[in-house]
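The next block holds one structure in the form of structure tokens; read it before the comments.
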Amino acid sequence: MPKLDTEKRICFVGGGNMASAIIGGLVAQGYPASNIIVSEPYAAAREALTSKFNVHTTEDNAAAMAAGPADVVIIAVKPQVMKDVAAGIAAAVQQHKPLVITIAAGIRGSDLANWLGGNGVAVVRVMPNTPALVGEGATGMFAAASVTDAQKDLAASILGAVSKATSWVEKEELIDVVTALSGSGPAYFFLLVESIAAAAVELGLPADVARNLAAQTCLGAGRMMIDGTDEPAELRRKVTSPNGTTEAAIKSFEADGFREIAKKAIVAATKRGEELGNALSK
């Protein structure tokens with residue numbers, strides 16, 4: 001992971017949960033709060049960010065970018081308002097030429113660059129996920145051709161503050177796949193834990209016992225994949241004794257088309273990301 005450059009001034013346009021998570025990760029790694037400014041329309045959110053992280057805040061997007069001025073602008077707003085937000089900061093982007101990082105799902109980098117005035121705006125699209133809120137995020141990243149290697153390292157170091165895995169993709173359309181896999185992925189595991197815990201409750205386990213055992217099993221299995229060298233298929237094989245309880249469960253999964261269910265889910269989420277990109281580019 002590239003080392004954080006603590007001299008860079010970072011402007012967050014939008015101060016919601018994901019922005020707050022990234023700010024918290026940066027500050028926890030020693031990034032000076034004095035080099036971070038957040039533009040956020042809601043007074044309560046601004047006050048919370050100032051109180052928690054001691055960062056500068058404002059409700060004026062363009063003013064936030066001009067303070068310093070910003071070397072990096074992280075746009076953390078809803079996709080539906082991105083075009084209007086970009087129009088409001090375009091002049092500042094053209095003047096100061098910062099690296100622009102967007103976490104908005106569906107917004108294509110070329111569209112954002114055009115909304116920001118074009119002329120080679122350096123845009124990096126990133127797709128973190130909600131475990132970033134606890135420092136365990138996974139982030140996919142795509143850099144436009146105008147982004148330099150140094151800027152790619154800078155983007156990776158910033159997202160690395162809250163992500164245990166950061167991976168670049170070479171084609172922008174693959175960000176939609178990343179969104180389907182890891183961006184939406186936490187919900188899939190929550191659903192699995194919810195479902196298997198509910199089944200255990202029906203069989204007599206207390207709800208708190210079932211929830212805790214299922215959640216820790218999910219965490220432990222993930223840790224084995226992260227810390228070990230075996231592929232998931234091999235880990236599954238090792239825990240599946242012939243004619244044992246695990247094999248009975250796996251056979252039930254397979255009989256009900258588990259793999260096809262998972263594939264259809266990823267395809268559906270990827271398709272929806274493409275649809276959002278098409279709709280929001282208009």
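Excluded from the calculations below are hydrogen atoms, water molecules and symmetry mates; all remaining heavy atoms, backbone and side chain alike, are included. These numbers were taken from a predicted model, which means no experiment stands behind them.
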Q: Kindly compute the distance separating CG (D71) from CG (N35), expressed to the nearest 0.5 Å.
A: 8.5 Å
Q: Could you tell me whether E136 and K164 make a salt bridge, using a distance below 4.0 angstrom between a side-chain N and a carboxylate O?
A: yes
Q) Is there a side chain to side chain contact (heavy atoms under 4.5 Å, CB included) between T139 and N129 once you walk through the steps? A) CA-CA 7 Å; T139 300; N129 60 11; 5.9 Å; no
Q. Is it the case that more than 12 heavy atoms not belonging to K264 sit under 6.0 Å from its NZ atom?
A. no
Q | Co-members of I261 in a cluster of I, L, V, M, F, W and Y side chains, linked at under 4.5 Å | A | none
Q) Transitively linked via ILVMFWY side-chain contacts under 4.5 Å: V81 with V123? A) yes
Q. What do the steps show when you test V93 against K97 for side chain to side chain contact (heavy atoms under 4.5 Å, CB included), and what is the final call?
A. CA-CA 5 Å; V93 168; K97 302 296 183 183; 5.9 Å; no
(Q) For the CD atom on E59, are there more than 12 heavy atoms of other groups (residues, nucleotides or ligands in this structure) within a distance under 6.0 Å? (A) no
Q. Got a sec: does the OH of Y188 have more than 12 other heavy atoms crowding it under 6.0 Å?
A. yes
Q: For Q29, enumerate each residue passing the side-chain contact (heavy atoms from CB on, under 4.5 Å) test, keeping only those at least two apart in sequence or located in another chain.
A: L4, A161
Q | Worked verdict on F189 versus E194 for side chain to side chain contact (heavy atoms under 4.5 Å, CB included) | A | CA-CA 8 Å; F189 292 97; E194 178 187 353; over 6 Å; no
Q: Go through the steps to decide whether N114 and R108 satisfy the test side-chain hydrogen bond (donor to acceptor under 3.5 Å, both in side chains), and finish with yes or no.
A: CA-CA 10 Å; N114 288 335; R108 297 181 181 125; over 6 Å; no
Q | Full working for side chain to side chain contact (heavy atoms under 4.5 Å, CB included) between I75 and I103 | A | CA-CA 7 Å; I75 307 181; I103 67 174; over 6 Å; no
Q: Measure the spacing between CD1 of I266 and OG of S184 and express it to the nearest 0.5 Å.
A: 8.0 Å
Q.
Heavy-atom count check: over 12 atoms from other residues, nucleotides or ligands less than 6.0 Å from I226 CD1?
A. no
Q. Could K271 and E274 be called an ion pair, given the rule that one side-chain N must be under 4.0 Å from one carboxylate O?
A. no
Q | Members sharing M127's hydrophobic cluster (side chains within less than 4.5 Å) | A | F142, V169, L174, I175, V177, V178
(Q) Quick one, E254 with K251, criterion salt bridge (charged side-chain N to carboxylate O under 4.0 Å, His left out). Give me CA distance, side-chain angles, the key distance, then yes/no. (A) CA-CA 5 Å; E254 298 283 16; K251 284 183 175 179; over 6 Å; no
Q: To the nearest 0.5 angstrom, please state how far the CG atom of L116 sits from the CG atom of N119.
A: 11.0 Å
Q: Measure the spacing between CD of E172 and OG of S110 and express it to the nearest 0.5 Å.
A: 6.0 Å
Q: Can you establish whether the number of heavy atoms outside D60 located under 6.0 Å from its atom CG is more than 12?
A: yes
Q. How long is the gap from CG on L181 to CG on D176, to the nearest 0.5 Å?
A. 12.5 Å
Q: Enter the distance from T229:OG1 to L235:CG here, rounded to the nearest 0.5 Å.
A: 8.5 Å
